[in-house]
Each structure stands twice: as C-alpha cells, then as structure tokens.
Amino acid sequence: MDADIKSKIIELSITGIKDIWNFEVPSGSIIIQKTRPEFTSDITLVVFPLTKFTKTSPDKTAQQLGEYLKNRIPEIEGFNVIKGFLNISLINSFWISFLHDMYDDTRFGFTPPGSSASVMVEFSSPNTNKPLHLGHIRNNLIGNSLSEILSATGNKVIKANLVNDRGIHICKSMYAWKEWGAGETPESSGIKGDKLVGKYYVEFEKRLIAQTKEKIISIYTQIIKQATPINEIKKEDIKLATFDAIPRTIETDYDYNEIKDAFARALITYNQTGRFPSIEEDKFIIEYFKKYTSLFNDAQEMLRKWEDGDETTIFLWKKMNDWVYKGFETTYRELGISFDKTYYESETYLLGKEIVDEGVRKNVFIRKEDGSVWCDLTDDGLDEKLLQRSDGTSVYMTQDIGTAAERFKEFPGMKKLIYVVGSEQEYHFKVLFLILKKLGYSWAGDCHHLSYGMVDLPEGKMKSREGTVVDADDLIEEMYETSRQTTKELGKLEGIPDKEKESICRMIGMGALKYFILKVDPKKRMVFNPKESIDFEGNTGPFIQYTYARIQSLLRKAGDWRKVTGDLPAGRHGRRQDTGNTLKIQPVEKNVIKLIFDFPGVIRQAADEFNPAVIANYMYELAKEFNHFYQTVPVLPAKGGSLPAGQAGASGGKAEDEERLNFRLRLSDTTGKIIKKGMNLLGINVPEKM
RNA sequence: GGCCGUGUAGCUCAACGGAUAGAGCAUCAGCCUUCUAAGCUGGUGGUUGUGGGUUCGAUUCCCGCCACGGUCACCA
C-alpha cells in the first residue's frame, strides 16, 4: 500500500533541495501537513523554513520544489503556491486505490500485539471504604482506553489494579459497622456492598466529628476558665495564657502555629457570638482534634489488631471487603472494565522494606538517630523524604518502591510501567522515580506517571462532606435513563424486542458518558455539571454511534438491493480490478477518504501521547465528515431502480454508475469499520441500529 | 511562601511554531413523497488572562504579572 506518500514527499524534497540549491537540509525542516479545507489540494508543504537554505523567496522556492516533486512523483497531479505554502494535489486514482487496497486490510492501523508482556498499566486503584465516584470513572476510562490503544500499537498490555484494602479507612467502616450496624448486610438491607460499607464510613466520620466537637468544647471550657476575662482575649494573647492549657499532645511546630491561630479565631468568634465556630467555619480545629477522641483511638486499635493478625478483626475485614468487591464488580461490569492482574495492598504493604535496608547500606538513604529512614533529595531540588517511620513501620513510598521492583521481576521483558493516577500525586511519583533511579534500577526510567486532572463541578471540587460527590452507579443509571427516554421521544427502536432495546439504550448511554470524559485531554481538569445531563447530540458518543448504525442500515439495504437486481458488481466483499481509474471522486468523498488515510497516524499519536482524546476527536471528525457525505450525495439507487447519478444531472454510463455505487458502498463500509475499531479503542461499543 | 499545573466564544472542549484560532451546546433561520432528522446547511458570538521577548510567522516557545487549582505529613 502506498500510504507512505508523505514520507516520499519528504525524502524527495530533501534531495530536491540538494539538487536545486545544493544544500543539505535536516529532515525535520520539511513540514508536511494537511491542506486546510478552504484550499483545494491535499497535502501542504510549508516552505518558509526552507528559504534560509534556498536563499530565494518563499514563492519561488515553493514553485521550484513543486516542479521538482511533480516530475518525480507520479501520484502528484499538480500543485499551487499560495503565500509560501506549497499545496499539492494527488491524483484521483491514488485515493481510489488507497481505499481499494485497505479495504481488505483488516488490521489497517493496528499492529498485532507481541506475545511477551511489555507494558503494565496500573489504574483504578480504589479504596475499599467507599463506592466509586466520577473521579474513579475518569481514571478507569483513561486506563482502560490507554490499554486498548497500547495493544493496538503492538504491545502486550497487562492491566493492573492495586486495591487499597487495608488501613485506617476500612477500619473506620469496620468499627462503625460493629458498633452500630446491628448485623446489617447487603442481603438484609438490599444495599449494594460498597455502598453499605461506605455508609458506615460516613457514619463513623459523622460520629467522630460530633465527638471531636465535644472534645474541643471541653478544651475550650478549660481555656475559658483559665483565661479570664474572656472578653479581653486578643489573638496575640492566646498563646501563653490559653493555649498552654491544651494537652501537650501537639508536637509539630507547623501544626502548633496553625492551631494557635485556629484557636484564636475560635475564641474570638466565641467572644463575639457566644458560640464556637462550626466545622464549616473552621475545619482545621476539627481535623486536628479528631485524633484525640476515643473513636479515633478505637479505629486505630482495630488497625493494630489487624496488623497483629487478630482473628475476629481479620474475619470482619474479609467480610466487609468482600461486600465491597461484589459492589465494585457490578460497577466495573457496567463500565466494561476488567483487569489482568489485581494486587491487594494487604499483600504488598510490607514490600520494599529490604530494599530500604539495602539502600541504607549503600548509603542511598540515611538512618537518623530515632531510627527513621530518609532519602535526601535536596540536591535534586526536592525535600527529604521519609521511607520508614521511627517505629520501623513503612510508609506508602516504601510500598511503591517494593511493588515496582516486584513487578519488573515478575515480568522481566517489561518495557514500561504506567501509573494512571490523579495529578495530586505528581510529587509522590516524581520522588518515587527519582529514588528508584538512585537505587540503581535499570528500569527506573521506564516508569511513567500518567497524571490526569480531576473532574470538577461548576462550583469546584467534589466534596464528600458537602454531599456533592457524583456516585458512579447513580451517574451510570442516569445515563441509561436519559438514553431510554431520548430513544422513546425520538421514536427509535420501535418494534424491536425489549431486551435488545434495553441493551442498545445502555450502549448509547454508556457511549455518551465515556465519550464525554475521554474526549478531554487527560492531563487537563474537566468540568462536569450534574444539573445538565450529558448531551446526545453534536460532538458526543451517540452521534458517532448513530453514524455507525446509519452505515450498517445502508449496507443492509445495499445487500437487499443487490439481491433484487442481481447484476451489480461485487460490493461488500468482492473487488473490481479496474475500480478507481475512471471514477472522478467528489470533494465530499475525498474528505472522508483523507480522514480514513489518517487513522493509523491517529492511533500512533494517541499511543505516543498516552492520550485517548486524540482518538475521540478523530472519531468525531470522521463521523461528521461522513454525515456530510451521506447527506450530500446518494449512495443507493432511487426506488425506481436506476443507479445513483454522480453529480446531480450528470449521469454517466451504466458501468460508471455501477462503479460509483460500489465505490460509495465501500467508502461507507470502511468508515463504519474504522468507527467501530476506533470506538473500541475508547472502550465504547457501537450498535447495528439505533 | 516554594514547586507544579491550568487560563481560548455565554457554557463544554479542539488547534505536530504555520494560512482568516475551529467544533459542539445554547440562540436565530432553513432542510424529511431518496439510503435512520441522535442528521445536514447557514447566521450570531474571540484583543486566545495580562505585559514584554524570541522570528518570516506565537494560542503554542521564553520572562514578568494576575486569577484559579494541586502539592509541599512519621496520611494514603
């Protein structure tokens, strides 16, 4: 296939410049791009950068280079020069034979994956104390789509999930359930497992806050008693007279100052209004004093028991995590997400300890007097990083070092380890990769943090405390419902069995959601407005799905029509050797072919940039361009039976009509196939009808 | 405060350093006795946060400023 016309032009341009102007230019200085739609040609060569070699005007350079290329590349039909842009037109048959050749190339744009593991994509990575929300959806969709894209470019991809199943958060849920749950289970309550565990987490936090407030008030009271008279308290006076009355469990300087200010604010508020600030007014105090409550200690105690392997605690932990996994499974299934490998932090959290010890021996890390281990990154412009607490327990970073090493051991040929994790952890990964490098791992440079921006609401961040978190299941169900409604309103899918109808509606609703999220560049923050439902028109998933369904309908009809007439040339599955040499392609047709031509490059770009949005935006372009074609020229013959004429009124002979029909069907079929493949790269399915 | 990121139409998003900055939504006007109107055609809407610089050319690269966000834990 001669799809490499671009590199041919680049190569010959270089030799051309050498031949004509006797100058050897670096290949990077030849800039080729698509001709903008307002000009009638196919490929544009920007000559401005060349003029410093050719020492002539842009126009003249373009003119001469154009001649040179035209004389040597048979596919070039002609060219024109506008303001230093060399616009090159390719001959008709180039496009036709391109379409012809790639029609049978079922792998067009795809490279078959190798047999050995080459790339691991870690994504999703949920905590087990709460259900999934919109942020997780973005993470999952990006991770899944990226995996698809990387497989399409020849990688064997391992999709990995690292479940955070241990820690204080799940203990909070466990404690709350044990204390106030009265034996409630997903079965007894009908509540989805992850939701139920989340409910108890919220319950715990609620009570914790209440208890913290009590605690604070008792401290306040103490302060008030000591610091008389209250109405004379000024911010500057707080520190000695009042603050010292607080139990001196506060140790760090940083917090000490912060909390002093917070107390000052609280007391002044009390002084002025007769009450202490609520949590909304001064979150800091509450956050800080949580750890001095009995509830917090109880949860902490539970964590200790868990770490000691206490049987009843482990039993409860397993039970509640299992509820959560069942719940997650449902959500994953709806999202079409699966993993090749699931890691659990309860199994990995101790990894990395030996590596830390080794690092100390190799003087990569420092052990301080209190026993804590640090990595000094100040030479790299970063801070010191803790790797092991003074009590010998490890922190998150330690675990990440351990799991990374473990994974490269497990999959020796691995070329890349990609972490799909939110941008708030950029610093963490920067440090992690740097430490891995310092430890001397050869693969340290193969780790990559795919950092994505968070999903914001119009008012800003989602906040669980304010109840603005968009629940994943709720959102999915809403999408389905909107889809059902829209389908009904439009009178679509009538006469189709309910079961099939439902499955199509879901496909569309899910397509709308996925496309909405994936069309945005991962690294950018995006805004989701829960009050306005996601559109089904315009630049949306359903629009592209619709285009696909339309094409399938067209092809079905074409099959029928062929059966009736019986004498049409091979359409879908055959081929005509002479196709493409007499037919004059029209602009609406060529625009679609040109986009098809771009498909392999688009996949490559998406893979290089780790960016599914590249695919999404291309899909929209293609669907749009196809619809334009579809609406402008007829594909199938009119009901009377004669074949469709080319240009209105300019009907050619019968052979040409047949050729045109064949060509347009092939163009439609190819577009449909590419839409399907491309949408699958986004994890979106396309319906045969809608 | 240090570091990182973002800023494009009323809103949501595009634009390998290239031509007059593009789409969709919203809004206005048209198109179903030819293949699915979840579609198509056209109108309205911009000093690309701001001020400099680099060059044939800057939304894109560099610097200053402004705004917003993230991050700087013996949290994960």
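We name chains A, B, ... by the order of the sequence lines, and we start the count at 1 in each one.
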Can A:Glu494 and A:Lys501 be counted as an ion pair, charged N to O under 4.0 angstrom? no

Distance-only donor-acceptor test (3.5 Å): side chain A:Asn87, base B:A19: yes

Closest to the A:Lys83 side chain, choosing from B:C74, B:U20, B:C35: B:U20

If I take atom NZ in residue A:Lys689 and atom P in nucleotide B:C35, what distance separates them, rounded to the nearest angstrom? 17 Å

Is A:Ile508 touching bases, backbone alone, or none of the nucleic acid, heavy atoms closer than 4.0 Å? base

Whole-Å gap separating P (B:C68) and CD (A:Glu424): 20 Å

Test for a donor-acceptor pair under 3.5 Å between the base of B:A38 and the side chain of A:Thr487, counting only N and O atoms. yes

Below 4.0 angstrom, N of the basic side chain to O of the carboxylate: do A:Arg525 and A:Asp456 qualify? yes

Let's test this: given Watson-Crick or G-U wobble pairing with both distances under 3.5 Å, identify the partner of B:C40. B:G30

Answer yes or no for A:Arg166 and A:Tyr349: cation-pi contact, defined as NZ/CZ to six-membered ring centre under 6.0 Å and angle to ring axis within 45°. yes

Does A:Lys524 have a side-chain nitrogen or oxygen under 4.0 Å from the phosphate oxygens OP1 or OP2 of B:G7? yes

The side chain of A:Glu537 is closest to which nucleotide in this list: B:A19, B:C25, B:C74? B:C25

When rounded to the nearest Å, what value does the distance between P atoms of B:A37 and B:C31 take? 15 Å

Counting only side-chain nitrogens and oxygens, does A:Lys385 get under 4.0 Å of the OP1 or OP2 atom of B:A73? no

Span that lies between the C1' atom of B:G2 and that of B:U12, in whole angstrom: 34 Å

Checking all strands, does A:Met690 fall into the base, sugar-phosphate, or nothing category for heavy-atom contacts under 4.0 angstrom? base

Of all the choices, B:G24, B:C13, B:G18, which nucleotide is nearest to the side chain of A:Gln33 once you look at every atom? B:G18

Using the P atom as the point on both nucleotides, what is the distance between B:G10 and B:C63, in whole Å? 30 Å

For A:Lys60, does the NZ atom have more than 12 heavy-atom neighbours from other residues, nucleotides or ligands under 6.0 Å away? no

Going by an N to O cut-off under 4.0 Å, is there a salt bridge joining A:Lys523 and A:Glu609? no

Strictly below 4.0 Å: does A:Lys430 bring a side-chain N or O up to OP1 or OP2 of B:C3? no

Record whether the side chain of A:Lys492 comes under 3.5 Å of the base of B:U36 through a donor-acceptor pair of N or O atoms. yes

Does any nucleotide pair with B:G5 by Watson-Crick or G-U wobble geometry, both distances under 3.5 Å, and what is it? B:C68

With a non-hydrogen cut-off below 4.0 angstrom, is A:Phe543 in contact with a base, only sugar-phosphate, or nothing? sugar-phosphate

What distance, rounded to whole Å, do you find between the two P atoms, one in B:U59 and one in B:A26? 30 Å

Would one find a side-chain N or O of A:Arg664 under 4.0 angstrom from OP1 or OP2 of B:U34? no

Whole-Å distance between B:A38 P and A:Phe626 CZ? 15 Å

Under the 5.5 Å and 30° test, is A:Phe39 stacked on the base of B:A19? yes

Residue A:Gln631, side-chain atoms from C-beta onward, closest of B:C35, B:G39, B:G24: B:G39

Does the side chain of A:Ser41 pick up a donor-acceptor pair with the side chain of A:Thr35 at under 3.5 Å? yes

Mind checking A:Glu345 for me? I need base, sugar-phosphate or nothing, with any heavy atom below 4.0 Å counting as a touch. sugar-phosphate

Can you check whether A:Phe48 stacks with the B:G18 base, using ring centres under 5.5 Å and planes within 30°? yes

From the set B:A23, B:A38, B:U36, return the single nucleotide nearest to any side-chain atom of A:Ala549. B:U36

Taking the side chain of A:Asn627 as heavy atoms from C-beta outward, which of B:G24, B:A38, B:C40 is closest to it? B:C40

Let's see if you can work this out: which of B:G70, B:C13, B:C74 has an atom nearest to the side-chain heavy atoms of A:Val527? B:C13

Can you measure A:Tyr349 atom OH to B:C74 atom P for me and round it to whole angstrom units? 20 Å

Does OP1 or OP2 of B:A76 have a side-chain N or O of A:His428 closer than 4.0 Å? no

Kindly indicate whether a cation-pi arrangement holds for A:Lys368 with A:Trp374, taking the cut-offs as under 6.0 Å to the six-membered ring centre and within 45° of the axis. yes

Pairwise C1' distance, B:U6 and B:G42 [rounded to whole Å]: 35 Å

As a test of reading the structure: which of B:U12, B:C40, B:U36 is closest to the side chain of A:Tyr630, going by heavy atoms? B:U36

Between B:G64 and B:G70, how far apart are the P atoms? Round to whole Å, please. 23 Å

Regarding B:C72, purine or pyrimidine glycosidic angle vs 90° from 0 gives anti

Which whole-number value in Å describes the distance from A:Ile168 CD1 to B:C74 P? 17 Å

Assign A:Ile32 to base, sugar-phosphate, or nothing according to its heavy-atom contacts below 4.0 angstrom with the strands shown. base

Considering Watson-Crick and G-U wobble pairs with both distances under 3.5 Å, what does B:A19 pair with? none

Can you tell me if the side-chain N/O atoms of A:Arg550 get under 4.0 Å from OP1 or OP2 in B:A37? yes

Specify the separation, in whole Å, of atom CG of A:Asn127 and atom C1' of B:C75. 11 Å

Give a yes or no on whether a salt bridge exists between A:Arg389 and A:Asp370, defined as a side-chain N under 4.0 angstrom from a carboxylate O. no

Is A:Asp598 salt-bridged to A:Lys34, going by a charged N under 4.0 Å from an acidic O? yes

Given B:U55, is OP1 or OP2 found less than 4.0 Å from the side-chain N or O atoms of A:Lys52? no

Quick one: the side chain of A:Thr44 and the base of B:A19, do they pair up donor-acceptor inside 3.5 Å? yes

Taking OP1 and OP2 of B:A76, is either one under 4.0 Å from a side-chain nitrogen or oxygen of A:Tyr396? no

Could you pick out which residue, A:Asp456 or A:Arg36, lies toward the 5' side of RNA chain B when each is mapped onto its nearest nucleotide? A:Arg36

Testing B:G39, B:G18, B:A19 for proximity to the side chain of A:Pro49, the answer is B:G18

Under the 3.5 Å rule, do the base of B:C35 and the side chain of A:Ser553 count as making a donor-acceptor pair? no

How many Å lie between CG on A:Asn129 and C1' on B:C75, as a whole number? 13 Å

What integer distance in Å separates A:Lys531:NZ from B:A26:P? 19 Å

Name the nucleic acid region contacted by A:Thr632, choosing base, sugar-phosphate or nothing; use a 4.0 angstrom heavy-atom cut-off, strictly under. nothing

Assess whether a salt bridge exists between A:Lys624 and A:Glu621, defined as any Lys/Arg side-chain N lying under 4.0 Å from an Asp/Glu carboxylate O. no

Of the listed nucleotides (B:C16, B:A37, B:A76), which one gets closest to any side-chain atom of A:Tyr546? B:A37

B:U41 and B:G24, which share atom name P, separated by this distance in whole Å: 8 Å

Can you tell me, in whole Å, how much space there is between the C1' of B:C13 and that of B:A21? 14 Å

Nearest-nucleotide wise, let me know which of A:Ile551 and A:Asp370 is further upstream toward the 5' end of RNA chain B. A:Ile551

